Structure formats: structure tokens, C-alpha cells
Amino acid sequence: MLVSTLLLVFAVNPAVAHADPTGGADGARWTADHDRNLKYPEVNVQWDVPIRMSDGTIIRANVYRPADANRVPVNTKTPVILNMTPYTKLVSAVASAAMANPVLGPFALWLANAINVSGTPISGLNDILRTVPGGLIQNFSVDFNLVRAGYTQVVADVRGTGNSDGTWQVFQPREQQDTVEMIDWASKQRWSDGKVGMTGVSYSGINQLYAANKNPKALKAIVPIEPGGDLVRDVVAPGGALGVGFLPLWLMAVNTLKMVPDLRSMVTGTFDWNWLASRVSDPFTFFPQLIQALTAPTVQSVPPELRRLLSTSSVERQSWLDHADQIKVPTMIYDGWWDLFTNSVPRVYGQIPLTPGSQKQLIMGPTYHMTATSGMGQIGAPPSMAVLQKAWFDHFLKGVKNGITKYGPATLYQQGNGWTSAPSFPRPGMDNQRLYLSDRRSGTAPTALRDGSLVGAKPNSTARFTVAPGLTTLCSRDSGQQSMGQTAVFPFCTTDNRIAETNGLTFTSAPMAANTSLSGPVNVHLNTVLDATDGYYTAMLTDVAPDGTSTPITTGQLVASLRAIDRSKSTFAPNGDVTNPYYTLDLADRRPVKPGQPTPIDLGLWPTDAMIKKGHRLRVSIFAMNLMKGIPLRPLLNDSQLRPEHIQLDPNNPSFVSVPLNRQVGQS
């Protein structure tokens with residue numbers, strides 16, 4: 001009777017039954033299949049294969065085919081895995097060759113696992129090293145084991161980068177069309193069986209979403225790692241603040257790499273002069289707009305090139321939307337809770353109209369952009385992404401019934417707890433609860449600028465808290481996020497928010513009476529007052545341990561004049577509270593603030609998943625600046641005058657945090 005009852009419960013409520021994030025016996029088989037069950041002994045490489053696009057531009061690609069012991073490509077037709085990259089095929093070739101080398105590959109794995117700097121000031125280095133066994137290099141470049149198992153991999157330079165002709169388009173329509181044409185080309189080659197999958201990290205992951213939303217016939221599966229779904233809201237201007245920590249260095253890196261010539265062609269006398277002409281015509285793609293954003297003194301003086309990026313109707317802005325609701329291609333997505341694209345990846349996953357598990361899966365790790373997959377492949381963790389990727393392709397491109405569609409469907413690193421499997425993200429059973437900002441001291445933040453409380457009942461007191469722009473957020477998890485994880489090598493900044501909080505207004509809850517799950521987006525509703533016509537608010541949500549450590553969970557930011565939201569794309573609680581604001585970020589919707597007048601804003605924090613353990617507390621901290629994550633565009637910064645900013649605590653217009661929790665908290 002007991003067994004029958006349990007089976008009935010699980011059948012009615014499948015959320016009760018959670019899968020093993022390691023994949024269990026299936027996971028062990030996927031790993032063995034990837035690492036050891038290789039059909040072909042070698043890989044044959046064709047370098048710089050020219051492929052003519054419909055407009056005449058030449059895209060160049062390296063083609064990696066399974067081969068015999070003499071590296072002669074086999075005659076068997078195979079599925080094709082395509083990677084479109086702006087970081088030059090040379091980088092991919094070097095990385096993949098090193099990992100495939102019988103000496104260097106095993107040595108790199110041994111070294112990554114052997115080095116342990118835990119307990120030192122640079123213990124965050126461990127996370128970078130653990131990307132090697134996590135599979136990041138194979139996902140970024142070429143997985144020789146995948147090729148030797150019977151796939152052809154094609155790595156192509158997107159137009160205007162690497163050895164490809166043309167000018168760099170940065171995801172605009174012509175570049176997206178190139179990807180569709182490359183899929184068609186790959187499916188029709190004599191060595192192809194007509195089925196195409198896509199792989200790649202970051203830029204190459206974003207390209208996959210843009211290709212998949214067009215659903216080309218030959219595209220059968222994608223595995224985007226760290227893909228963005230909305231470039232402006234993710235990295236260009238999150239919350240309306242220019243992403244100065246990441247954007248300039250990234251643009252400089254790609255614009256520099258695209259100038260590296262094909263040395264072999266220079267030696268052989270086959271140098272492509274069209275390549276040189278295209279580079280000379282546009283050597284610094286998108287740098288003019290970046291400089292304009294930092295120098296234009298007023299909104300009226302914003303040049304047309306920059307104004308297009310600040311208009312939702314422009315070609316650029318429309319091109320940079322993922323249109324995930326149109327994707328019908330089976331999709332496995334990986335991202336990290338502290339990645340550059342955490343804002344959009346859970347939304348992309350949720351909007352893909354496919355069946356969770358059997359056709360779409362989400363994996364969210366405890367990682368930054370350059371530490372993706374770190375910790376995977378370890379005991380208690382999911383298999384490496386190289387392993388999961390192959391299992392996904394085996395099923396959808398080769399028809400192998402390997403159990404991968406039963407994995408997940410949401411494999412989440414629950415902050416404060418560890419790797420888990422869930423039937424969805426957010427987890428089932430979450431209800432948004434208001435935790436009000438109170439002027440009552442919590443007694444837990446002695447070094448903060450102001451110490452307040454988070455309470456479950458609306459306070460009756462009135463108070464004004466003031467914070468001025470400062471630099472302490474340079475030592476924060478947001479700084480680690482914008483540096484892609486480089487500053488996270490020093491964990492005293494990124495794993496404990498107390499240094500940043502010395503110039504922040506903190507509001508801390510009572511201790512949790514029991515372990516409490518938090519899953520989904522968080523919104524901070526503030527009753528603000530400014531002394532100028534604009535301002536810049538940042539909020540950070542943290543888990544405060546009994547010893548005082550304030551561990552960041554999620555963050556968000558907003559330029560006050562860009563507070564307008566698109567209600568059709570925002571989400572709301574049953575009581576009408578905004579739970580996930582979707583800012584229009586359009587100059588046409590800009591609403592300057594009236595100095596001295598209370599102005600409500602909804603400050604959305606990025607989606608997250610955490611367990612707040614018994615005895616721990618929730619804390620929200622408010623700042624008036626957020627370097628290095630962002631800085632307002634110069635015209636809006638001028639309007640703010642960098643004046644101090646205020647939160648007006650008023651029982652008639654309360655400030656509160658809307659938090660998705662699985663139990664009621666903060667009633668004291």
C-alpha cells in the first residue's frame with residue numbers, strides 16, 4: 001500500500017521526484033562513451049576552406065573529419081557540428097590541438113585537478129582551473145573525441161573576423177543569414193549525412209539562438225554555452241548603465257584579433273587583398289558608439305549612430321533579440337549564476353516552446369563568464385559539458401536512445417546547497433513575498449553605511465536613508481561578473497559583500513527558522529528621492545551567515561530616468577507587485593526625475609536559485625554607483641550631478657523586496 005501511494009503521488013506531482021544531477025548510471029555511460037568509445041583513431045583537418053555567401057563574401061572555415069590511423073578522412077557520411085566564432089579559428093585550432101595531444105591533454109587535466117590554492121588569497125584560481133575537466137575548452141574549440149566518435153566539426157570565422165572577408169556585423173541580419181547559409185552548406189557536403197548541430201561558447205552560443213529561431217531544416221540540435229538573449233539589457237547597458245567593465249575590453253579584443261593576417265597565405269603568395277580592404281574600411285567596429293556614450297554631454301547631442309542603439313525599433317536592437325518563442329530546435333543551455341548573460345538565459349529557456357527534458361534542458365552553474373563549466377565532471381556534480389553535449393547530439397543527430405532526454409530538465413547549482421535537479425526554473429512552490437525595508441537596526445551590519453531591517457509586516461515609521469556614489473563596489477561580485485571572473489581570483493571581494501557594504505544601505509531579515517528555498521527573479525521596489533533630475537541605483541541581495549559573512553546571491557541596477565517598463569514583457573505577482581521588470585531602455589521613454597519629489601522605481605535583480613539555511617538571514621544593500629559593472633551614459637551622468645541619493649521610508653508608500661520563497665519568513 002505504501003509503495004502504491006508513493007507511485008500515485010509521484011505520478012500526480014512529478015515535481016516531488018528529483019533526478020540525480022550526476023545522471024547516475026546514464027551519466028557514467030555518457031562519460032565512458034565520450035572518453036573511451038571512439039570509433040576512429042585520428043582526425044583530418046582541412047584548413048581555411050572558402051565558402052561563398054549569397055552576397056559574394058567569402059567565409060573561411062576549418063573542417064575536422066574522422067580519419068584512419070594515417071589521418072586520411074573516412075568515406076562515411078557523418079553529422080556535422082558547426083561553430084561560428086569571432087575569435088579566429090587559430091585560437092580554436094591551438095586549444096583543440098593541445099587538448100588532443102597525447103601528452104599535453106592528459107597533463108592539462110592532471111594539472112587542473114592537482115593544483116589547489118584553497119585557503120590562500122587567490123583561491124578563486126581553482127574555479128578557472130576546474131574549467132578544464134569541466135569541458136569548456138572542448139565546447140569553445142573542437143572536441144577531437146567528438147570527431148573520432150563519428151562527427152565532422154566545422155569552425156568558421158564570422159564575416160569580418162579571422163580569415164573571413166567582409167566587415168564585422170556583430171549579430172546583425174547579414175551575419176545571422178551567414179549562419180543559416182553555413183548550416184545549409186554543411187548539410188550538403190559529400191561528407192555530411194545532412195544533419196547539423198551547433199556548439200560554441202558566448203558569441204558562438206548567441207549565434208546558435210539566432211540560427212535556431214529561424215529553424216533551418218538541417219539544424220537538428222544546439223548546445224549554446226553562455227548565450228545572451230538581449231545584448232543591450234545583458235552587457236551593453238544593463239539597467240541603462242553602460243557596461244564599462246566588459247564592453248571596451250571585449251570590443252578591443254575582437255577588433256585586434258580580426259587584424260591578424262593569414263601568415264600562410266602571405267608565404268604562399270595567395271594573400272587575400274579583399275580581406276585587407278575590409279579591415280581597413282572598418283578597423284574599430286562599434287568603438288565610435290562607445291566613445292559617444294562616454295562623451296556626449298546632453299541627450300540632445302547624442303549622435304545618430306548611438307541613438308539607434310538607444311531605440312528599441314532600430315535594426316540593431318531588433319537584431320539582438322533572441323526570439324526564443326520561435327525556436328523549435330532541441331536545445332541544451334548552460335550558463336552561470338554570475339555570468340554576463342544570467343539576466344536572459346532563464347527567460348530564453350522558459351520561452352522556448354519545447355517539452356522540458358525531452359527537447360530542452362537548462363544547466364546553471366556557480367560560475368562567471370570565463371569559469372563556465374567549472375566543477376562539472378567532479379564527484380556529485382553533473383558530467384562535463386563535453387560529455388553532456390555529445391550525449392545530446394548522439395540522441396538528436398544519431399538517434400541513440402541514451403537517456404539524455406530524462407536528464408534534468410533543470411540542473412541547478414543551488415547557492416548555499418550544491419548541485420540539484422528540478423522539474424523547472426523557477427522551482428515549483430515559490431510564492432513572492434514582500435519583505436519591507438525598515439529603519440529598525442538589525443544589529444548585523446556594524447560596518448555598513450546604514451543598518452536597517454527587512455521585516456514581514458509593513459513598518460509604521462518614517463525615515464530617510466541617504467547614500468552617495470562611491471567606489472566600494474569595485475570589490476564585489478558584480479566586479480567579478482564584469483571582469484568575466486578575473487577579479488574573482490581574489491574571493492575576499494567576490495564571496496563576501498561586507499567591503500562593498502561600507503558605502504551601502506543595508507536591510508537585513510531575522511534569522512531563518514528553517515531552510516528556505518529562493519528561486520526566480522527578485523524585485524526591489526524603492527520609494528526614492530533625488531536631488532537632481534537623474535540617479536543610479538544598485539541593489540545586491542546576499543545571504544548573511546551567523547558569523548556575519550554576506551554572500552552575494554544576485555544583483556541589479558537601474559538608471560532612474562530609464563525606469564519605464566514594458567508591461568507586456570514584465571511579470572507580476574497576484575497582488576500586482578512587479579516581480580521581473582522588463583525595462584524598455586529607449587531614450588523616447590526617458591522620464592527625468594523631479595528633484596525632491598518621491599519617485600517609485602522597480603529595480604529588478606537577475607534570476608537566481610539559492611537555499612537560505614536555518615539561522616542565516618537575507619539582506620538587501622542599496623548603492624548609488626556600481627563600478628565596474630556600469631556607469632550611466634554621459635548625458636544621464638551629467639544630469640545626476642553625482643549627487644547623494646535617498647530612500648524615503650514611508651508607510652503610505654513602502655519600499656520592499658519581492659522575493660520568491662517556498663515559505664513565509666520575516667514576520668517578526
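Atoms considered below: every heavy atom in the structure, side chains included; atoms not considered: hydrogens, waters and symmetry mates. Note that the structure is a prediction, hence the values are computed from the model and not measured.
- At a cut-off of 3.5 Å, with distance as the only test, a side-chain donor of T571 or T579 sits close to an acceptor on the other residue.
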Please list, one pair per line, the donor and acceptor atoms closer than 3.5 Å that link side chains of residues 404-413 to other protein atoms, with sequence neighbours excluded.
from: Y407; atom 1: OH; to: P21; atom 2: O; distance (Å): 2.5

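- Side-chain contact check for S658 and H525: no donor-acceptor pair (N or O, by modelled atom type) lies under 3.5 Å.
- D322 and R347 are joined by a salt bridge, as a carboxylate oxygen and a charged side-chain nitrogen come within less than 4.0 angstrom of each other.
- There is no side-chain donor-acceptor pair under 3.5 Å between N497 and T542.
- Taking the side chain as every heavy atom from C-beta outward, S519 and M430 approach each other to under 4.5 Å.
- In this structure a side-chain-to-backbone donor-acceptor pair under 3.5 Å is missing from T131 to A372.
- Here the side chain of Q361 pairs a donor or acceptor atom with the backbone of G357 at under 3.5 angstrom.
- Centroid-to-centroid, the aromatic rings of Y349 and F425 stay 6.0 Å apart or farther.
- Side-chain polar atoms of Q378 and W419 form no donor-acceptor pair below 3.5 angstrom.
- Inspection of the R563 and T599 side chains reveals no N or O donor paired with an N or O acceptor under 3.5 Å.
- Between D143 and K390 there is no salt bridge, since none of the side-chain N atoms of the basic residue sits less than 4.0 Å from a carboxylate O of the acidic one.
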